[in-house]
Every structure is written in structure tokens, then in C-alpha cells.
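This structure is a prediction, so every number in the text was calculated from the model and none was measured.
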There are 2 protein chains.
Amino acid sequence: MAWMRSETMATMKDISKNAKVSIATVSAVINKSSYVSQELTERVNQAIQELNYRPNAFARSLKGKSTKTVAAIVTDIENPYYPAMIKGMDDVAIMNGFSFILCNTANDPKRFINYLDLILEKRVDGLLISNISLREELEQVEKRGLNYVLLNRKPPAYDKNYVGINNHLTSELSVKHLVTLGYRNIAYIGGDLKISTAHERWEGFQYGMTEQGLEVNASLVFHGDYTIESGYKHAKKMISVQKRLPDAICAASDMIAFGAIKALRESSIRVPEDIAVMGNDNNPYSENFIVPLSTIDHLKYDMGKMAMESLFERIEGKERGIDRQIILNPSLVARVSCGWLNRSKD
Amino acid sequence: MAWMRSETMATMKDISKNAKVSIATVSAVINKSSYVSQELTERVNQAIQELNYRPNAFARSLKGKSTKTVAAIVTDIENPYYPAMIKGMDDVAIMNGFSFILCNTANDPKRFINYLDLILEKRVDGLLISNISLREELEQVEKRGLNYVLLNRKPPAYDKNYVGINNHLTSELSVKHLVTLGYRNIAYIGGDLKISTAHERWEGFQYGMTEQGLEVNASLVFHGDYTIESGYKHAKKMISVQKRLPDAICAASDMIAFGAIKALRESSIRVPEDIAVMGNDNNPYSENFIVPLSTIDHLKYDMGKMAMESLFERIEGKERGIDRQIILNPSLVARVSCGWLNRSKD
DNA sequence: ATGAAAGCGCTAACAT
DNA sequence: ATGTTAGCGCTTTCAT
């Protein structure tokens, strides 16, 4: 009765009995690994249909080497930065006939370690990790001998398998855009400097300012984290402390920009009329934000895609697989939060 | 050399040799399945440390019954409706010590079938499916004898394992909110009626209108799909066709509302001053949308969570597991797109 | 308290 | 062209 939920699925043995052939023949038919006569092939296929047979992937990879499985550990699937990235990974995995285990740590370091062990037990062929900032976390990965590539964030001075975007350039682009539009007195609200991307964006900001012949005003620099709350808090502080507001804010993430704009609006300061705000990362929310946010796009889908491709090169190349870093270039997305016209300010 | 990426990991046999005990003893130590002397236990643990051993989950579930794995098939991980739902599922899976395979079909029916077979081959213990609308798709699942629970959407007249929200009520709530605020001439822009949720929301709208003693004006009703584009298109059409606009729009999803508001703004029609717009589903974008959107919250996280809990009941209860449907109640989230005050319109 | 050995479902080398 | 058989890593009786 094919329609019944059979507690134990049919096995090759069942097929071989049903089709009155040997197990090896069944295997040969399924894997097309050697010639089998028309007749037996049919009998076997027939039996497979009848018994609703599906090979057991475990038994298979017990013998063989590969489990045809890859995994990814990401810090927060609810953060809009990641879904596109995950889709990029998944698409490539599928394309290669691999299955893909997604592990969401929800920013819990304990869950991270648990996942590492789980992945080991599942004998996964490769692992993508989005967001390792601490060298110790990386060590946990390496000491387990996992085949991995890092995504997005990386620990200090890491120079191996990594795919990310040129964060330094994101800020340069921001500054250049702002300056082109006529803004010169620019505040910076950044992320946690312990995170590589935040660090790079901050460096890029300083570099960009210098390049434009501008000075970074230390009283207009804030470091927090990539959240709405942090952007809100620091903008509030800036508003209350400064007698004269800067004419632009360069935020290190769109979330920060959202928070800053909220704070600004609460004080009836208009964006972009009174002050320009530049985001960074092109969050899917940004286009339709209260004020459509000018920002820097990060090619998140491609990041995931290329990271997975890179991982597959390592998997294919077995032990070898030369370490390499892929750095994607960001691009400017001009919307309305920075205005469009050259305004002259006294 | 523990730091080396060993192509083949240590096995129980290796441990047993290293610790000079039998394989059975190793197994007993690892699973605490029978008493082992202090001394041997230590020797075994020692060897496990040294060889960096991790049990092979495959071999394990080859013998035993359960693979300790669940899967979920979702239609679109990039749609902001789902990440929270997925997190709910994942959290419960983790809690139960199961691993969780996420399958994203990207709305591709072929990928759906492929995933079904994959899941079968991996001998997954249970499956969650968000978004089956077609009876034929369900049949594919059932004929494979999979242990599943449906989420969010369901095929017509489906009365088995399902977790969703009361879509009928979402529209009732919308209408009631609108009417309370003084709106009476209400347009409806809905989704694809072949989708259960869209159908239910449309039914709920009609019911709600009647309940409020209002008539549904057929020329103000549009059915499309849950996208920005669809909302935009139908609002445009309405604007161009109607000599006199309704005083409110009830949209069947936040995306539709976004699109409608876009169209409205393009025609310099203000929201909520000139027309109120009500969303549905409380998309994470909505709070900070161009005009913060009043909408109906869907408890997406809980949907995922409860669906997974329901699935575990089925897994635990083996073959049994009574079929049941869990319907969550939505709630109103009043923001600015519908205004706050009772306005009198002639 | 410990160990030997059978067997889970499959693949692949070897026989026939 | 087809079948026999030895493992893969582990769990689990069953002996000792």
C-alpha cells in the first residue's frame, strides 16, 4: 500500500527481491555504474516505482567519501542584510547538487560552537561562516579541521579564505557623493570598531575626507553599532550637544541612518533640506524608507554566491584549494536623503 | 597532528585501539548506555580528545531509527514575511536537539519536487512547508509518505495538519479600524484568489463591510497579487478611472499598500490626509515606510515556532499524531497611514 | 564490567 | 551481464 506512511522505507534488498535480481544490479541501475540489460533495468525500475523506493543518503555517504552537503552559519537571519546572501549561497549549492544546512546563531556564541560540532557530526563537506570577528572563534573552526570560507566579517589580520566587500571604499564613495553635492561639514556615525567592516568603514571615511581636503571633526564622530537604536542615540546626542549642526551625516549602515533620521525628524530637522544623511549597505527597506535613503550597495547576493563558489573550489580541489580573498566593489545608490542639487551653504 | 585537516576523521575503531578497549566500550562511554569503569571511561575520553573524535551522525542513524533532522520548504526567503517564521522553526528545532535543513524554492515548482526527493533521501524525520496552494503539490508530499505540517497557505478544503493565522479576521480588523476612524467609502486591493490567504482576506473584507453596515463597491475592488507592483498598478488604475476617490484603501498585504501609496503620492494624493491606507501582515519595513503603515500583525515568529512544535508532536507520537489546525489571532497595529482622528467627510 | 559479532543500506571490487 | 561479498561507522544483543 504505497499510500501508507511506512515507518521503514523500502531498501535495496527489497527492490532486489521484488525484481528478482541481485543487490548489485539494483545499485548498478540506480547509479548507472555499469551496463544492465534492458529487461532487468525495467524490472528494477518497476520495483522502485512500486515500493516507492528512494536511496538512503546516509548509507551512501557512509561508504563513499562525500556527504554532498554544505552548511552556512550566519549570525542573524532576521537582519535584512542576510536573506539575499543566503539565497546566493543556496542557489549555488543547489546547482551543484548539494544540500544546504542553514545555521542561525541568533548572535549566541554558544549556539555557534554547538553548530560547529553538529556540522562535524554530519560530516558536512564545507562550511560558510558569515561573521567571525574574534580570532578565538576562528580557532574553534580551525581546530576542528573544517573546510570553510569566511564571509562579510573577518578577524583581525585574517588573510585566508574570505569573501567580502570593499568596506573602505564604501565610505570613500559616501564622502565623495556628499562632497559632490556640496556638503563639507560631515559627521560620522559608525559601528563597533571591533568588527572588521566597521573598522574598515571608519578608516575609509577618514581617508575619503582627507582625500577631499576635508578635516574630520572629532566632536562629530560617534562609534556605536549597526542598529537603529544606536543611530538614534548618537544623533540625539549630537543634536543636543552641537550649537550648529553639520550639513551631512555619513552613517556606517542603513540601520544607523534610519535611527539618525528618526532622531532628526523628532527635532523637526528636515532631511535632506536641513541636513543630508547617507546610509551604507542598501538595506531592502531603504528605498521606501520615510525618506528614501541614499546609500551604498553591497551586492549581498553575489557575496553569498561567490563565497559558495569559492567553497566548492576548495571541496573539489580536496586538500588543496589555494587560500584566497575575494573583495567585491560597492556602488553608489543616490536617492533622496542627500538631496540632488548643489546647495550653497554659507 | 590535530591541527591538520584530516581527510578521514577518526572513528570508533581508532578510539578503541588508542584506548585499548573494545568498540562496544567506546560506544557505551559515548552514549552512557551502560556502566563502564572509571578507568576505561577515562582512557576512552582521553583518546577522544587526542584524536579529536566526533561520532558520525550517518552511521548512527543508519542503525537507529531517527536522523534527528527536520526540514522546511519555504517559497521565498527574501520575502520579509519569512525570516521571522524561519527563526521560529529553527529555535524549536535547536531546542529539541535536531538539525534543521532549510529549503528555499524561490517559487520554482521544480525545485519544490527536487527538495521533496532530497528530503526523502536524507530520511528527514519531519517537514514543514510554507505555502502549498495547489492540491497537486500536496499530493506529491503525501504520496511520498512524508511526515509534514503545513504553514501559512493551504490547499482548498484542507483540514489536516496546519498552522496559520486567521486571515478572515485580519480584514475584519482592518475594516473595523477604518470605520472607527470615520472612513466609509473603502476600496479593496487584494491578492491572488487562488491563494488561501488571499481568498480568506477577501472573504473577511466582505464580511467586515457587511457587519459594519457598509456596501462593497465593486468598482473599488481589485485582485492582483501580494506585490508592490500589483498594488501600484491597481491604485493607478483606480486613480485614473474614478472621478471621486474612496476615502480609504484596504490592502491585503503591506507590499500592496506600499505600491498603492507610491501611486497615490505620484498623483500628489496625500496619505493619510486625502486618503487612508491600511496594510496587512506587518512587514518589518512598514514601521519606517515613507508613511508609517497601519497594518495587521501576523505573529510570524510564533507561526514558525508552533508549526515546528506541532511537527515534533507528530514525530514523537510516531505514526499517530492527531491531525490538527492551529489558527493564530492577528492584531491591529495603528500607525499613521490611516490617520488617528475622526475626520468628517461630506 | 567488558568484548565479540551481527547487521543497518549501500558501494565497489571481484567472481562467475 | 549479473551476482557475491567485504566493508563503511556505529549500535546492540549476547557471551564471557
| query | If you find the nucleotide of DNA chain D closest to B/A24 and the one closest to B/L62, which residue's nucleotide is nearer the 5' end? | reply | B/L62
| message | Between A/R60 and C/dT11, is there a contact of a side-chain N or O with OP1 or OP2 at under 4.0 Å? | response | yes
| task | Measure from NZ or CZ of B/K87 to the centre of the six-membered ring of B/Y301 and say whether it is under 6.0 Å with the direction within 45° of the ring axis. | result | no
| task | Quick one: pull up OG1 in B/T75 and CG in B/N152 and give me the separation to the nearest 0.5 Å. | result | 8.0 Å
| field | side chain to side chain contact (heavy atoms under 4.5 Å, CB included) between A/T69 and A/I101, worked out | value | CA-CA 7 Å; A/T69 305; A/I101 300 184; 3.9 Å; yes
| Starting at CE of B/M9 and ending at C1' of D/dC8, how long is that distance when rounded to a whole Å? | 15 Å
| query | Does OP1 or OP2 of C/dA1 have a side-chain N or O of B/S34 closer than 4.0 Å? | reply | no
| Whole-Å distance between D/dC8 C1' and B/D14 CG? | 13 Å
| query | Base, sugar-phosphate, or nothing: which does B/V26 touch, judged by heavy atoms less than 4.0 Å apart? | reply | nothing
| remark: When A/R54 and B/Y35 are each assigned the nearest nucleotide of DNA chain C, the 5'-most assignment goes to B/Y35
| field | Separation of atom CG in A/L120 from atom P in D/dC10, rounded to whole Å | value | 12 Å
| Among the nucleotides D/dA1, C/dG9, C/dT11, which one has an atom lying closest to any side-chain atom of A/T11? | C/dG9
| request: In whole angstrom, give the distance that lies between atom NZ of A/K13 and atom P of D/dT4. | output: 13 Å
| request: With heavy atoms under 4.0 Å as the rule, sort A/L40 into base, sugar-phosphate or nothing. | output: sugar-phosphate
| note | Rounded to whole Å, the NZ-P distance (B/K32 to D/dT12) equals 15 Å
| query | Have A/K122 and B/S99 got a donor and an acceptor in their side chains that come within less than 3.5 Å? | reply | yes
| query | Between the side-chain atoms of B/K63 and the base atoms of C/dG7, is any donor-acceptor pair under 3.5 Å? | reply | yes
| field | Between P of D/dT2 and CD of A/Q38, the distance in whole Å | value | 11 Å
| said: I need the CD1-P distance between B/I23 and C/dG7, as an integer number of Å. | reply: 17 Å
| field | Distance, rounded to the nearest Å, where A/K68 contributes NZ and C/dC10 contributes C1' | value | 16 Å
| message | Using a 4.0 Å heavy-atom cut-off, does B/S27 contact any base of the nucleic acid, only the sugar-phosphate backbone, or nothing at all? | response | base
| remark: With the side chain defined as heavy atoms from C-beta on, B/N31 is closest, among D/dT11, C/dC10, C/dT2, to D/dT11
| Flag for A/E136-A/Q140: side-chain donor and acceptor within less than 3.5 Å | no
| request: Would you indicate, yes or no, if D/dG3 has its OP1 or OP2 atom less than 4.0 angstrom from a side-chain nitrogen or oxygen of A/T25? | output: yes
| request: May I ask you to verify if any side-chain N or O of A/N56 is less than 4.0 angstrom from the OP1 or OP2 atom of C/dC8? | output: no
